[in-house]
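Heads up, the thing below is written out as structure tokens.
None of these values were measured; they are calculated from a predicted model. The figures here come from the full heavy-atom set of this structure, side chains too, leaving out hydrogens, waters and symmetry mates.
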Amino acid sequence: MRRKVKAVWTPSFLGGQGKDGKFGIYSAQTVKGILQYERSRADREGGVFCLVLFRCEGGLVAIQRLAAVLKKGTRLIDHLGWYDDTTVCAILTSTDRESAELFEKKIRSLVEVEHPNGTRPQYVSEVVRYPNVTPSCEEDAATCDEKIYQKNKLHVEKQLLNRFSKGMPFWKRVLDITGAVFGLTLLFPLFALVMLHIKRVSPGPVFYKSQRVGLNGKCFTFLKFRSMHAENNESFHANHATAFINNSDVPMVKLDAGDPRIIPGGKFLRKTCIDELPQLINVLKGEMSLVGPRPCIPYEAEEYLRWHTHRFDIVPGMTGLWQVSGKNSLSFREMIALDILYSRKMSLFFDLRIILMTFPAIFAMVFEKVGNKIARGKQAYT
């Protein structure tokens, strides 16, 4: 009589696939999903986890023995799988580096034994901690964990960074180059008019350049038409931005109203988003995309919590889900949530949909401003 086998429940991030790799361990694709899940959980809870990598040069027999030893040496909350075609990994949840290194030594001592033919298989192992606290950090570990963005670098080791980053898919790069070339060609007359206007009303450069945080926390030079007087004090905006990040449930209202830093005509350039058009050059260079999260300034990123930095997993964009969903009427927390949602749902059709929704969103902002002026005029007249 056959014994009934209970179906094993697997979390949604595993796609219900269970142990779908060789030797009864997870495939590399499933491991990537588990790492994303553990990263999100660790960042929300302020916790850590470790990834222990084992590469064996002794063939399939040695790898099979390694997998068997790992199964006996791990807890129910840990995960075993293929990191790549030649590397087996153990994901140790809620485990710091010291405990992970002890686990690594224990596993190595169990698998490094003489084989019947007298050869000893060679195992190369490595422990990777998330988040990685670098020795250069001058603060204590707890503070580093909360401010994971430090000195323009994410505290994520390369082995995990290439699992978290979405990079630039081929279809997205083709769409970006096509859109940027078309836009720069079509809008060249408008570029010339705006440049002449800025030169006429305000001394200084035509373009505003600043450092922004892009893919994987790397900074790049961000371009805009200058809509404010040259050599403004950055602390004015820094204090404003920090207030929104620390009080993340209030709408992100701009400083444009009554802002003395804005040049004549600057409000129109900002309201119509014409000042953003030079970013087509950033798109052409691959530093930005047509669609993605808005790139933040380094001093803003320094205030981010760990889960906020997930928006750096993809290339920043000129427009995005946040911009077409309410923009400055939304809170900072809502903006981050929309950016992360986009990174998970990113596709060609989703990008095209957001691009098409951008134009009505801009028109709505412009007409809202005109309507508010008319309403104030009527109120003053009566």
Measuring only between side-chain heavy atoms, which start at C-beta, is [X] closer than 4.5 Å to [Y]?
{"X": "Leu290", "Y": "Asp351", "result": "no"}
{"X": "Phe222", "Y": "Pro316", "result": "no"}
{"X": "Met228", "Y": "Arg270", "result": "yes"}
{"X": "Cys219", "Y": "Val213", "result": "yes"}
{"X": "Leu284", "Y": "Leu280", "result": "no"}
{"X": "Val31", "Y": "Trp82", "result": "no"}
{"X": "Ser343", "Y": "Arg311", "result": "no"}
{"X": "Tyr130", "Y": "Val48", "result": "no"}

Checklist line | Under-4.0 Å salt bridge between Lys224 and Asp275 | finding: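 A salt bridge links Lys224 with Asp275.
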Next item on the list: Flag the pair Arg294 and Glu276 as a salt bridge only when some basic side-chain nitrogen lies within less than 4.0 angstrom of an acidic carboxylate oxygen.
Entry: yes
Notebook entry, point to check: Stepwise, does the side chain to side chain contact (heavy atoms under 4.5 Å, CB included) test hold for Glu38 with Thr93?
Noted result: CA-CA 7 Å; Glu38 290 298 335; Thr93 62; 3.3 Å; yes
Going from [atom1] on [X] to [atom2] on [Y], what distance comes out if it is rounded to the nearest 0.5 angstrom?
{"X": "Glu126", "Y": "Glu101", "atom1": "CD", "atom2": "CD", "value": "11.0 Å"}
{"X": "Ile340", "Y": "Met335", "atom1": "CD1", "atom2": "CE", "value": "10.0 Å"}
{"X": "Ile107", "Y": "Thr74", "atom1": "CD1", "atom2": "OG1", "value": "7.5 Å"}
{"X": "Leu269", "Y": "Arg226", "atom1": "CG", "atom2": "CZ", "value": "11.0 Å"}
{"X": "Lys172", "Y": "Ser347", "atom1": "NZ", "atom2": "OG", "value": "9.0 Å"}
{"X": "Ile336", "Y": "Leu341", "atom1": "CD1", "atom2": "CG", "value": "13.0 Å"}

Next item on the list: Would you please classify the geometry between the His79 ring and the Tyr26 ring as parallel, tilted or perpendicular, with 30° and 60° separating the classes?
Entry: tilted
Does the [X] side chain pair with the main chain of [Y], one donor and one acceptor, at a distance under 3.5 Å?
{"X": "Asn282", "Y": "Thr221", "answer": "yes"}
{"X": "Glu287", "Y": "Leu215", "answer": "no"}
{"X": "Glu303", "Y": "Glu300", "answer": "no"}
{"X": "Arg129", "Y": "Ala100", "answer": "no"}
{"X": "Ser99", "Y": "Asp96", "answer": "no"}

Hydrophobic clustering (ILVMFWY, side-chain heavy atoms < 4.5 Å, transitive) - are [Y] and [X] grouped together?
{"X": "Leu277", "Y": "Val291", "value": "yes"}
{"X": "Ile281", "Y": "Ile198", "value": "yes"}
{"X": "Val124", "Y": "Val127", "value": "no"}
{"X": "Phe359", "Y": "Leu175", "value": "yes"}
{"X": "Ile355", "Y": "Leu184", "value": "yes"}

Could you tell me which non-hydrogen atom of [X] sits nearest to which non-hydrogen atom of [Y], and how far apart they are?
{"X": "Leu338", "Y": "Trp322", "result": "CD1-CA, 3.8 Å"}
{"X": "Pro278", "Y": "Phe191", "result": "N-CZ, 4.0 Å"}
{"X": "Pro293", "Y": "Ile314", "result": "CD-CD1, 3.5 Å"}
{"X": "Asp176", "Y": "Met288", "result": "OD2-O, 4.1 Å"}
{"X": "Ala301", "Y": "Cys296", "result": "CB-SG, 3.8 Å"}
{"X": "Ala42", "Y": "Phe49", "result": "CB-CD2, 4.2 Å"}

Margin query: Ring of Phe103, cation from Arg75 - is the NZ or CZ under 6.0 Å from the centre and inside 45° of the axis?
Written below: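 No; the conditions do not both hold, so Arg75 does not lie above the ring face of Phe103.
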If you count the non-hydrogen atoms of other residues, nucleotides and ligands that lie under 6.0 Å from [atom1] in [X], is the total more than 12?
{"X": "Lys166", "atom1": "NZ", "answer": "yes"}
{"X": "Glu98", "atom1": "CD", "answer": "no"}
{"X": "Phe350", "atom1": "CZ", "answer": "yes"}

Next item on the list: Begin from the C-alpha positions of Phe225 and Phe207 and carry the test ring pair (Phe, Tyr, Trp, His ring centres under 6.0 Å) through to its verdict.
Entry: CA-CA 5 Å; Phe225 282 127; Phe207 294 108; 5.5 Å; yes
Next item on the list: Could you go through the side chain to side chain contact (heavy atoms under 4.5 Å, CB included) check for Arg212 and Ile297 one step at a time?
Entry: CA-CA 5 Å; Arg212 298 295 172 97; Ile297 304 171; 3.4 Å; yes
Check: Run the ring pair (Phe, Tyr, Trp, His ring centres under 6.0 Å) check on Phe312 and Phe164 step by step: do they pass?
Finding: CA-CA 10 Å; Phe312 300 143; Phe164 297 153; over 10 Å; no
Next item on the list: Applying ring pair (Phe, Tyr, Trp, His ring centres under 6.0 Å), run through Tyr123 and Phe54 and close with a yes or a no.
Entry: CA-CA 7 Å; Tyr123 290 96; Phe54 293 92; 7.4 Å; no
